[in-house]
Amino acid sequence: MNCDPIAGCYRWLEYLSFGRALERRRFRYLPNVAHASSALILGGGDGRFLARLARHHAGRKTRIHYIDSSARMLDLARRRAGDNRIHYQLADVRRVPLGHATFDLIVTHFFLDCFNEGDASNLVERVSRAALPDARWLVSEFRPVRWAELLLRGLYFFFQVTTGLKTSRLVDHHGLLARHGFRLEREERSWFGWLASELWVRTPDSA
């Protein structure tokens, strides 16, 4: 998918639809990753989480690798967060090299829901190889709940029309992360269970 067509108004579309609820999900466990030294943020969009993370780590030498497939979103993120110790990359994360055992923080906010089962499985496997044995993974996602099925279909239809999104249903990422040694340490939900913030941790023995 390419969010260029909606990049300029995405923030306001989000606020109109969800208020600050999605932002609260993204920021929920930020204090729990205060000691990160090397972060990989995938599909971070217009950079609101990136800017908050950079401010949180202003006194540290944390390096951040920020990858998005939308040039306009990447530009918005750069203008919002600056360039200090942040490497911006315009790329399809399904194909870009991610390295090996490099990052102690992985961030995917409302991102894994953009992939079908096969792509999500391959992506999690590649990201896991790039993660250090003691890495933490922040996830914000929609969760399947019966009352929101029609709303979720509407969201997928909107992004299919505006960005070319190919998938149309949520993939359960829990099994994918667990398969690569990550354990769900904390979870908080809102909107009657539809929105979730998750903190996953990996121990050296399980990596």
Side-chain angles (χ1 to χ4, degrees), residues 14 17-60 62-67 81 93 98 101-115 117 120-121 123-148 151-152 155 169-207:
E14 179 183 307
S17 302
F18 295 97
R20 299 275 182 169
L22 301 192
E23 282 191 355
R24 287 192 289 270
R25 292 305 95 211
R26 296 183 187 102
F27 300 153
R28 176 62 183 88
Y29 293 121
L30 186 55
N32 298 81
V33 296
H35 300 294
S37 61
S38 182
L40 174 65
I41 302 178
L42 301 177
D46 61 13
R48 278 169 283 161
F49 176 84
L50 173 65
R52 184 74 67 93
L53 179 68
R55 288 198 300 271
H56 246 256
H57 291 76
R60 300 176 58 84
T62 303
R63 294 175 294 107
I64 303 172
H65 191 170
Y66 198 78
I67 303 177
V93 298
L98 297 175
T102 301
F103 303 100
D104 60 0
L105 174 61
I106 310 296
V107 180
T108 52
H109 290 314
F110 300 102
F111 180 68
L112 297 176
D113 54 13
C114 298
F115 301 94
E117 187 82 38
S121 179
L123 176 63
V124 170
E125 180 179 356
R126 294 178 62 247
V127 172
S128 296
R129 288 200 299 266
L132 287 163
D134 60 348
R136 296 190 168 201
W137 193 323
L138 292 182
V139 177
S140 299
E141 274 300 351
F142 294 95
R143 301 299 297 140
V145 290
R146 186 174 299 277
W147 71 265
L151 292 175
L152 189 63
L155 282 175
R169 66 181 184 88
L170 294 173
V171 171
D172 187 1
H173 59 275
H174 288 74
L176 301 179
L177 270 67
R179 188 184 307 163
H180 296 284
F182 287 90
R183 172 178 55 83
L184 182 59
E185 182 174 84
R186 299 193 181 189
E187 179 185 26
E188 182 179 279
R189 295 199 185 191
S190 61
W191 275 51
F192 303 99
W194 194 25
L195 306 179
S197 298
E198 300 172 355
L199 171 63
W200 293 76
V201 298
R202 195 184 205 184
T203 59
D205 290 340
S206 64

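Along the sequence shown, the residues carry numbers beginning at 1.
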**Q** Please find the pair of heavy atoms, one from V171 and one from A120, that lie closest to each other, and give the distance.
**A**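 Shortest heavy-atom contact: CG1-CB, 4.2 Å.
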**Q** So F18 and F110, ring-ring contact (aromatic ring centres under 6.0 Å, His included) or not? Walk me through it.
**A** CA-CA 13 Å; F18 295 97; F110 300 102; 7.9 Å; no
**Q** Which heavy atom of R202 sits nearest to which heavy atom of A131, and what is that distance?
**A**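 Closest heavy-atom pair between R202 and A131: NH1-O, 3.3 Å.
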**Q** Could you list the residues that satisfy salt bridge (Lys or Arg N to Asp or Glu O under 4.0 Å) with R189, not counting sequence neighbours?
**A**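 By the salt bridge (Lys or Arg N to Asp or Glu O under 4.0 Å) rule, R189 matches E187.
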**Q** Could you grab the distance from atom CG of L170 to atom SG of C114, nearest 0.5 Å is fine?
**A**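 Interatomic distance, L170 CG to C114 SG, rounded to 0.5 Å: 10.0 Å.
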**Q** Of all heavy-atom pairs between L199 and N32, which one has the smallest distance, and what is that distance?
**A**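 In terms of heavy atoms, the two residues are closest at CD2-CB, 3.8 Å.
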**Q** Taking the side chain as every heavy atom from C-beta outward, state whether L123 and F111 have any pair of such atoms under 4.5 Å apart.
**A**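 Yes - at least one pair of side-chain heavy atoms lies under 4.5 Å apart.
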**Q** Shortest non-hydrogen contact from S128 to F182?
**A**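 Of all heavy-atom pairs spanning S128 and F182, the closest is OG-CE1, 3.8 Å.
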**Q** Does Y66 use its side chain to pair, donor to acceptor, with the backbone of A39 at less than 3.5 Å?
**A**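 Judged by distance alone, no pair lies under 3.5 Å.
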**Q** Check this for me, if you would: do R28 and E198 make a salt bridge, where the nitrogen-to-carboxylate-oxygen distance has to be below 4.0 angstrom?
**A**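 Salt bridge: no.
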**Q** Might you point out which heavy atoms bring S197 and S140 nearest each other, and give the distance in Å?
**A**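 Looking at all heavy atoms of both residues, the closest pair is OG-OG, 4.3 Å.
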**Q** Rounded to the nearest 0.5 Å, how far apart are CG of L195 and CD of E188?
**A**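 Here the rounded value is 11.0 Å.
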**Q** Who passes ring-ring contact (aromatic ring centres under 6.0 Å, His included) against F103, sequence neighbours left out?
**A**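 Scan of F103 (ring-ring contact (aromatic ring centres under 6.0 Å, His included), adjacent residues dropped) gives none.
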**Q** Can you tell me how far apart OG (S121) and CG (L176) are? Round to the nearest 0.5 Å.
**A**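 Separation between the atoms: 5.5 Å.
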**Q** Can you name the one residue among Y29, F27, F49 that meets ring pair (Phe, Tyr, Trp, His ring centres under 6.0 Å) with H109?
**A**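 Answer to the ring pair (Phe, Tyr, Trp, His ring centres under 6.0 Å) test with H109 among Y29, F27, F49: F49.
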**Q** For the side chain of R126 and the backbone of V93, is there at least one donor-acceptor N/O pair under 3.5 Å apart?
**A**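 Answer holds: yes.
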**Q** Could you label the plane-to-plane angle of the W194 and W147 rings as parallel, tilted or perpendicular, counting under 30° as parallel and over 60° as perpendicular?
**A**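 Ring orientation of W194 relative to W147: perpendicular.
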**Q** Does R129, at its CZ atom, have more than 12 non-hydrogen atoms belonging to other residues, nucleotides or ligands within less than 6.0 Å?
**A**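 Counting other residues, nucleotides and ligands, CZ of R129 exceeds 12 neighbours.
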**Q** Can you see whether R25 engages S190 through a side-chain donor-acceptor pair at a distance of less than 3.5 angstrom?
**A**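 The criterion, which ignores hydrogens and geometry beyond distance, is satisfied for S190 and R25.
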**Q** For the backbone of A34 and the side chain of H57, can you confirm whether one donor and one acceptor N or O come within less than 3.5 Å of each other?
**A**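 Yes: the side chain of H57 pairs with the backbone of A34.
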**Q** Please report the interatomic distance CG(L177) to OG1(T108), rounded to the nearest 0.5 Å.
**A**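 The CG atom of L177 sits 7.0 Å away from the OG1 atom of T108.
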**Q** Among V107, L184, V127, L40, find the residue that satisfies the side-chain contact (heavy atoms from CB on, under 4.5 Å) test when tested with W137.
**A**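 Of the listed options, the one satisfying the test is V127.
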**Q** Could you pull out the closest heavy-atom pair between A36 and T62, with the gap in Å?
**A**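 Closest pair (atom of A36, atom of T62, distance): O-OG1, 2.8 Å.
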**Q** Using a strict cut-off of less than 4.0 Å between a Lys/Arg side-chain nitrogen and an Asp/Glu carboxylate oxygen, indicate whether D172 and R143 qualify as a salt bridge.
**A**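 Salt bridge flag = yes for R143 with D172.
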**Q** Can you tell me how far the CH2 atom of W200 sits from the NE2 atom of H174, to the nearest 0.5 Å?
**A**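 That separation rounds to 4.5 Å.
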**Q** For the atom pair CG (L42) and CG (L112), what is the distance rounded to the nearest 0.5 Å?
**A**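 Here the rounded value is 8.5 Å.
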**Q** Under the 3.5 angstrom rule, does the side chain of D104 hit a backbone N or O of S38 as a donor-acceptor pair?
**A**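 Here the side-chain-to-backbone pair exists.
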